[in-house]
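To start, the structure itself, in structure tokens.
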Amino acid sequence: MPEGPEIHRAADSLSAVLTGRTLTRAWFAFPELKPHEKRLRGREVLGVEARGKAIVTRFDNGWTLYSHNQLYGQWRVLCAGEEAKTTRSLRVALETDQHRALLFSASDVELIRDEDLDQQPYLARLGPDALDPATTHDDIRAQLINPRFSGRSLAALLLDQGFVAGMGNYLRAEVLFDAGIAAHHRPRDLDDDIRARLANALLAIPRHSYRTRGVERIGAGMRADLQYDDGERFRFRVFGRDGKPCERCGTAIVRSESAGRRLYCCPKCQQ
DNA sequence: CTTTAAACCTGCTGGC
DNA sequence: TGCCAGCAGGTTTAAA
């Protein structure tokens with residue numbers, strides 16, 4: 001059940017075993033993708049990257065695999081010869097002579113010509129990705145003062161992939177707590193310094209979650225990689241902590257609902 | 001224009 | 001052990 005940080009780490013794991021490798025086999029559970037199996041066999045993987053919560057895998061024949069895990073999808077990497085515990089819900093298999101990358105349960109999978117990739121509906125509407133190193137503080141501030149977004153509540157914006165890609169429900173709560181802002185505010189009603197603080201949190205919290213392996217269950221089939229800070233764990237400061245004391249002021253964390261999703265906040269620190 | 005609600009995808013947990 | 005309801009960190013669509 002992934003947000004941007006979890007998806008970006010999944011893309012890391014896939015890239016580590018696929019990039020630069022030749023596919024010995026491609027398999028799809030979806031009938032409409034069957035014709036691509038032959039087309040991909042023998043092709044080289046040029047790269048695997050996350051865009052927001054989608055993953056794109058590029059091949060050397062002008063095609064790209066687009067996949068979105070939604071709530072349930074999960075990529076697993078196995079060594080060649082290693083058997084999956086179950087093939088139930090298996091949707092995609094990409095195999096090299098050394099590894100197998102398996103996608104389970106996801107239903108949103110497409111093969112797209114490279115030149116059409118930017119027209120893919122989900123990718124086309126993505127805003128700047130908090131986990132893209134190229135995304136800057138100024139990019140986020142530009143979103144905050146963009147009239148397309150500045151009149152909407154932060155509660156809605158912080159789930160909107162067009163505002164900042166990669167955000168999700170736990171990040172929303174943690175970003176707002178870190179910035180010390182209540183969810184009902186609109187960007188245009190905030191002071192410049194508060195907007196700057198929010199822009200900071202919108203980059204810092206997802207990136208910290210990514211580096212520290214976020215909420216990922218250890219041993220869930222993902223590779224251990226050295227680029228992550230394993231000495232430190234991401235901690236929820238408000239998400240899922242209703243009734244427990246705020247670590248800053250001791251006030252009980254409150255659970256509510258906003259934009260149809262559960263939201264947690266410290267009513268004293270976030271005003 | 002924005003917000004809300006429902007629907008859909010699938011899996012897990014807890015209660016009976 | 002089995003079944004069902006409820007919930008879930010997502011997204012899209014339609015309605016309000």
Side-chain angles (χ1 to χ4, degrees), chain A residues 1-11 28-30 32-33 50-55 66-76 84-92 102-110 120-127 129-131 143 146-177 183-189 202 205-206 208-210 212-222 233-242 255-265:
Chain A
M1 299 188 258
E3 298 184 20
E6 288 69 43
I7 294 298
H8 277 252
R9 284 194 306 272
F28 299 102
F30 310 95
E32 68 274 20
L33 297 186
R51 298 203 192 169
K53 296 171 197 164
I55 292 178
Y66 164 92
S67 63
H68 194 298
N69 283 19
Q70 212 223 20
L71 269 182
Y72 317 101
Q74 196 170 19
W75 280 99
R76 294 190 191 176
K85 290 186 187 75
T86 173
T87 54
R88 205 167 90 83
S89 311
L90 182 60
R91 298 297 144 82
V92 176
L102 306 178
L103 175 61
F104 293 89
S105 300
S107 54
D108 193 3
V109 178
E110 304 170 29
Q120 200 282 338
Y122 178 87
L123 297 177
R125 44 182 307 281
L126 289 181
D129 190 328
L131 292 163
Q143 293 292 88
N146 181 334
R148 193 172 135 217
F149 300 113
S150 64
R152 296 170 56 195
S153 73
L154 294 175
L157 288 175
L158 268 58
L159 293 174
D160 185 341
Q161 303 304 296
F163 174 64
V164 174
M167 289 293 298
N169 206 33
Y170 84 72
L171 289 172
R172 170 174 77 159
E174 297 300 319
V175 164
L176 288 170
F177 176 79
H184 61 82
H185 287 109
R186 292 153 205 275
R188 67 172 174 222
D189 298 329
L202 276 162
I205 300 293
H208 185 242
S209 173
Y210 168 82
T212 59
R213 293 173 178 279
V215 296
E216 186 173 75
R217 285 183 208 133
I218 299 292
M222 287 301 166
R233 284 289 287 169
F234 187 80
R235 280 182 311 111
F236 288 139
R237 293 194 284 175
V238 289
F239 190 82
R241 296 192 67 242
D242 47 316
R255 172 180 169 159
S256 60
E257 187 166 307
S258 171
R261 315 287 297 282
R262 58 200 172 107
L263 175 65
Y264 300 86
C265 70

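None of these values were measured; they are calculated from a predicted model. Any value given below was found using the heavy atoms of this structure, including those in side chains, with hydrogens, waters and symmetry copies removed. Protein chains get the first letters and strands the later ones, always in sequence-line order, with residue 1 at the start of each.
Along DNA chain B, the nucleotide nearest A:R148 and the nucleotide nearest A:G260 are compared for position; the residue whose nucleotide lies closer to the 5' end is A:R148. With the nearest nucleotide of DNA chain B identified for both A:E257 and A:G151, A:G151 has the one nearer the 5' end.
The OG atom of A:S67 sits 10.0 Å away from atom CD of A:E110, with the distance rounded to the nearest 0.5 Å. Rounded to the nearest 0.5 Å, atoms OH (A:Y66) and CD (A:Q120) are 4.0 Å apart. In this structure, A:F30 CZ and A:D108 CG are separated by 8.5 Å, a value rounded to the nearest 0.5 Å. Atoms CD1 and NE2, from A:I55 and A:H8 in turn, are 9.0 Å apart once rounded to the nearest 0.5 Å.
Tested against A:F28, the residues A:L33, A:L103, A:L90 include a single side-chain contact (heavy atoms from CB on, under 4.5 Å) partner, A:L33.
In this structure, A:F239 reaches the sugar-phosphate backbone alone: every heavy-atom distance under 4.0 Å involves primed, P, OP1 or OP2 atoms, never a base. Heavy atoms of A:R172 sit nowhere under 4.0 angstrom from any nucleic acid atom.
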From CA spacing to verdict: side-chain contact (heavy atoms from CB on, under 4.5 Å), A:L159, A:N169: CA-CA 7 Å; A:L159 293 174; A:N169 206 33; 4.0 Å; yes
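Using a 4.0 Å cut-off, some side-chain N or O of A:R262 falls inside it from OP1 or OP2 of C:dA8. A sub-4.0 Å separation between OP1 or OP2 of C:dT12 and a side-chain N or O of A:R125 is present.
Shown here for A:A259 and A:R172, the closest heavy-atom pair between the two residues is CB-NH1, 4.1 Å. Pairing each heavy atom of A:L171 with each of A:P206, the nearest pair is CD2-CA, 3.9 Å. A pairwise comparison of heavy atoms in A:V238 and A:Y264 identifies O-CB, 3.2 Å as the closest pair. The heavy-atom pair separating A:Y170 from A:S209 by the smallest distance is OH-OG, 2.7 Å. Looking at every heavy atom in both residues, A:T86 comes nearest to A:F104 through O-CE2, 3.3 Å. Nearest approach of A:Y210 to A:L131, heavy atoms of both residues: CB-CD2, 3.7 Å.
A straight line from CG of A:L123 to P of C:dT12 spans 10 Å, rounded to a whole angstrom. Taking atom CZ of A:F149 as the reference point, atom P of B:dC1 lies 13 Å away to the nearest angstrom. At whole-Å resolution of the value, CD in A:Q74 and P in B:dG11 are 10 Å apart. Atom CZ in A:F104 sits about 11 Å away from atom P in B:dC12, given to the nearest Å. A straight line from CG of A:N169 to P of C:dG9 spans 5 Å, rounded to a whole angstrom. The CD atom of A:E3 sits 13 Å away from the C1' atom of C:dT11 (whole-angstrom rounding). Note: CZ (A:R186) to C1' (B:dC1) measures 11 Å, nearest angstrom. The interatomic distance linking A:W75 (CH2) with B:dG11 (P) rounds to 16 Å, in whole Å.
A:D160 is linked by a salt bridge (Lys or Arg N to Asp or Glu O under 4.0 Å) to A:R125, A:R152, counting only residues two or more places apart in sequence or in another chain.
Contact annotation: the side chain of A:M167 approaches that of A:L202 to within less than 4.5 Å [non-hydrogen atoms, C-beta and beyond].
Distance check on atom P: C:dT11 versus B:dC1 gives 22 Å, rounded to whole Å.
Judged by a 6.0 Å distance limit and a 45° cone about the ring axis, A:R241 is not positioned over the six-membered ring of A:F236.
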Pull out every protein N or O sitting under 3.5 Å from an N or O of nucleotides 2-6 of chain C, one pair per line with the distance.
none

Hey, what are the protein-to-nucleotides 13-16 of chain C N/O distances that come in under 3.5 Å?
none

Check nucleotides 7-10 of chain B for protein N or O atoms closer than 3.5 Å to its own N or O atoms and list the pairs.
| residue | atom | partner | partner atom | Å |
| --- | --- | --- | --- | --- |
| B:dC9 | O2 | A:Q70 | OE1 | 2.0 |
| B:dC9 | O2 | A:Q70 | NE2 | 2.1 |
| B:dT10 | OP1 | A:R91 | NH1 | 3.4 |
| B:dT10 | O3' | A:S105 | OG | 3.1 |
| B:dT10 | O2 | A:Y72 | OH | 3.3 |
| B:dT10 | N3 | A:Y72 | OH | 3.0 |

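Of the N and O atoms on the side chains of A:S89 and A:Y72, not one donor lies less than 3.5 Å from an acceptor on the other residue.
Residues of residues 156-168 of chain A having a heavy atom closer than 4.0 Å to DNA chain B, listed by number: A:A156.
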Base-pair map of DNA chain B as dot-bracket, where | denotes pairing with a different strand and pairs are Watson-Crick or G-U under 3.5 Å: .|||||||.|||||||
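Ring geometry, A:Y122 versus A:H68: the interplanar angle exceeds 60°, so the pair is classed perpendicular (tilted spans 30 to 60°).
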